[in-house]
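Everything below concerns the one structure shown next.
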2 protein chains.
Amino acid sequence: MNAPVLSHSRCGDCPIRHRAVCARCNADELEELDAIKYYRTYEAGQPIIWSGDVMNFVGSVVSGIASLTQTMEDGRTQMVGLLLPSDFVGRPGREGAAYDVAATTDVVMCCFRKKPFEELMERTPHIAHRLLEMTLDELDAAREWMLVLGRKTAREKIASLLSIIARRDASLTPGGATNRMVFDLPLTREAMADYLGLTLETVSRQISALKRDGIIELEGKRHVTVPDMRRLMEEAGDDSDGGFLG
Amino acid sequence: MNAPVLSHSRCGDCPIRHRAVCARCNADELEELDAIKYYRTYEAGQPIIWSGDVMNFVGSVVSGIASLTQTMEDGRTQMVGLLLPSDFVGRPGREGAAYDVAATTDVVMCCFRKKPFEELMERTPHIAHRLLEMTLDELDAAREWMLVLGRKTAREKIASLLSIIARRDASLTPGGATNRMVFDLPLTREAMADYLGLTLETVSRQISALKRDGIIELEGKRHVTVPDMRRLMEEAGDDSDGGFLG
DNA sequence: GGTCCGGTTTGATCTGGGTCAAGGCTCAGG
DNA sequence: CCTGAGCCTTGACCCAGATCAAACCGGACC
């Protein structure tokens, strides 16, 4: 949000304009990043990494949505993170992946080979700094989600999820945040359930209920209109608007 | 765990020997840390920081236990982190605190004034590096907890919490992890409930149930003996033992 | 000793969300 | 056009855990 945004010349074919690691790099550093970078695409539903696998890259989501999930032996699944465009994947200094990463929609990733990236990071304090910042953001998000999972009702959970998606959508859209929001749900009911610690039936019922109560409008199963974000956020039980509006 | 541990000369009156930011510092850096450092004690139950307050320090817990909590306007609270000795508090580069921090038991903190600490960090890559590592650990813990909150039953939640406390206890005790563990619960039933997203009645009932089933033994309300950690961890539904035993 | 008080246990009852089951929509492929 | 596969919705029923209420326990203080 407040990170300086740069139309960087080298890393510039990378359409990431927000939260990028390279946002403050100089020409030399960008060239170096460019040399160890490659793109990779995944189809919706495909796994990207399995928990425990050795990861030989780090990178950012360029487009599409990926999810981090944890699964118990008996199959219970909890999504522990959503990766939206510009989000970072991988943890410098760690061998294996800690979670399953999968493409929820078609995904394009911009990857950096891990070894040279770590070396560059070693020499370039502001990249390490950026990474720390991003990790702190993720930690905040994870902890906010703990409140959702631990204490909110099903209806509040759905409203929270819709708020978050609307918010992220707004930050990527030129128009930005307004009181009326329109967006597409990038998740199936099942994926929403896994994120919210609910069953897909409950998700479906609560979405129907929010629709019946005029909090949201639905066109098809995925296209959502929120006539009044304030009401949605009340439903979410958030005390603040999360900086959504001015 | 695998971070090099140093009996550092300057920061050495600080009894933290694990995860400390200063573990790799040289003499000059330690002197500098020493100059900006002070101790502070809090009684059990006292607030340390309120969410939103401006924080003018960062630091580590030296002894005792502190908790991070989030509260909704209607009073529902969720604990989002437990701070045990050697855990770090505060986020370099951030103005305000994101959560309420409170002393659960009597707490001693080793604090560094924030401004000079950030400056030192700017000049000292390995401190930033250490901080990133610690933040990644916290992120992992938070995400592991998301699985607990979202998908585990009350009994599994209790078993998970007991496992974590036993594990942390073991890593601080010379003897280390054995199959039989004895420790004191540092939390009230209510605090456990807030951590687990349950009510205190349910916590009490499940503890009684684990006791009845011989998974744990209780002496008084707080002193716990786990005759067989393996059984406890089965109850927790963990597929791995979290590296608890060799 | 008694009494107060915070923390805890236990019981009785209620209910939100899980579970099981039956259709419904929509789009791709034949 | 029909058919099948995914995804989604809706209904009926059930149960784990919440809620409400009462009592218990152990230590501090008079």
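Fair warning: this is a prediction, and the values are worked out from it, not measured in the lab. Note that these values count all heavy atoms, side chains included, but never hydrogens, waters or copies made by symmetry. Below, read A as the first sequence line, B as the second, and so on, with proteins coming before strands; counting in each chain starts at 1.
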Between C:dT10 (P) and B:L200 (CG): distance, integer Å:
13 Å

Side chains of A:D194 and A:T77: donor-acceptor distance under 3.5 Å anywhere?
no

Specify the separation, in whole Å, of atom CZ of A:R212 and atom P of D:dT10.
9 Å

Tell me the interatomic distance from A:K157, atom NZ, to C:dG16, atom P, rounded to whole angstroms.
14 Å

5'-most contact on DNA chain C (nearest-nucleotide basis), A:V203 vs A:G220, goes to A:V203

For D:dG17, take OP1 and OP2 only and decide whether either is under 4.0 Å from a side-chain N or O of B:R205.
no

What integer distance in Å separates A:R151:CZ from C:dG16:P?
17 Å

For a salt bridge (Lys or Arg N to Asp or Glu O under 4.0 Å) check, start with the C-alpha distance between B:K152 and B:D238, then their side-chain angles and the critical distance, and finish with the verdict.
CA-CA 10 Å; B:K152 293 195 177 177; B:D238 288 337; 3.0 Å; yes

Sugar-phosphate only, base, or nothing, as touched by A:S204 at under 4.0 Å among non-hydrogen atoms:
base

Using a 4.0 Å heavy-atom cut-off, does A:G197 contact any base of the nucleic acid, only the sugar-phosphate backbone, or nothing at all?
sugar-phosphate

With a 4.5 Å limit on heavy-atom distance, are the side chains of A:L161 and A:M192 in contact?
yes

Counting any heavy atom closer than 4.0 Å, what does A:L198 reach on the DNA or RNA strands: base, sugar-phosphate only, or nothing?
sugar-phosphate

Report the distance from atom NZ of A:K211 to atom P of D:dC8, rounded to the nearest whole Å.
13 Å

Whether B:R222 contacts C:dT8 is assessed here as follows: a side-chain N or O lying under 4.0 Å from the phosphate OP1 or OP2. Is that the case?
yes

May I have the distance from B:I158 (atom CD1) to C:dT8 (atom P), rounded to whole angstrom?
12 Å

From CD of B:E201 across to P of C:dT13 the rounded distance in Å is 16 Å

Candidate pair B:D140 and A:R94, rule salt bridge (Lys or Arg N to Asp or Glu O under 4.0 Å), full reasoning
CA-CA 12 Å; B:D140 282 344; A:R94 303 280 176 111; 3.0 Å; yes

Once you apply a heavy-atom cut-off of 4.0 Å, does B:T199 come out as touching a base, just sugar-phosphate, or nothing?
base

Can you tell me if the side-chain N/O atoms of B:T202 get under 4.0 Å from OP1 or OP2 in D:dA18?
yes

Should B:R143 and A:E138 be marked as a side chain to side chain contact (heavy atoms under 4.5 Å, CB included) after you check the CA-CA gap, both sets of side-chain angles, and the distance that decides it?
CA-CA 10 Å; B:R143 285 177 166 162; A:E138 281 187 82; 2.8 Å; yes

Using whole Å, what does the distance between atom P of nucleotide D:dG17 and atom CD of B:Q206 come to?
6 Å

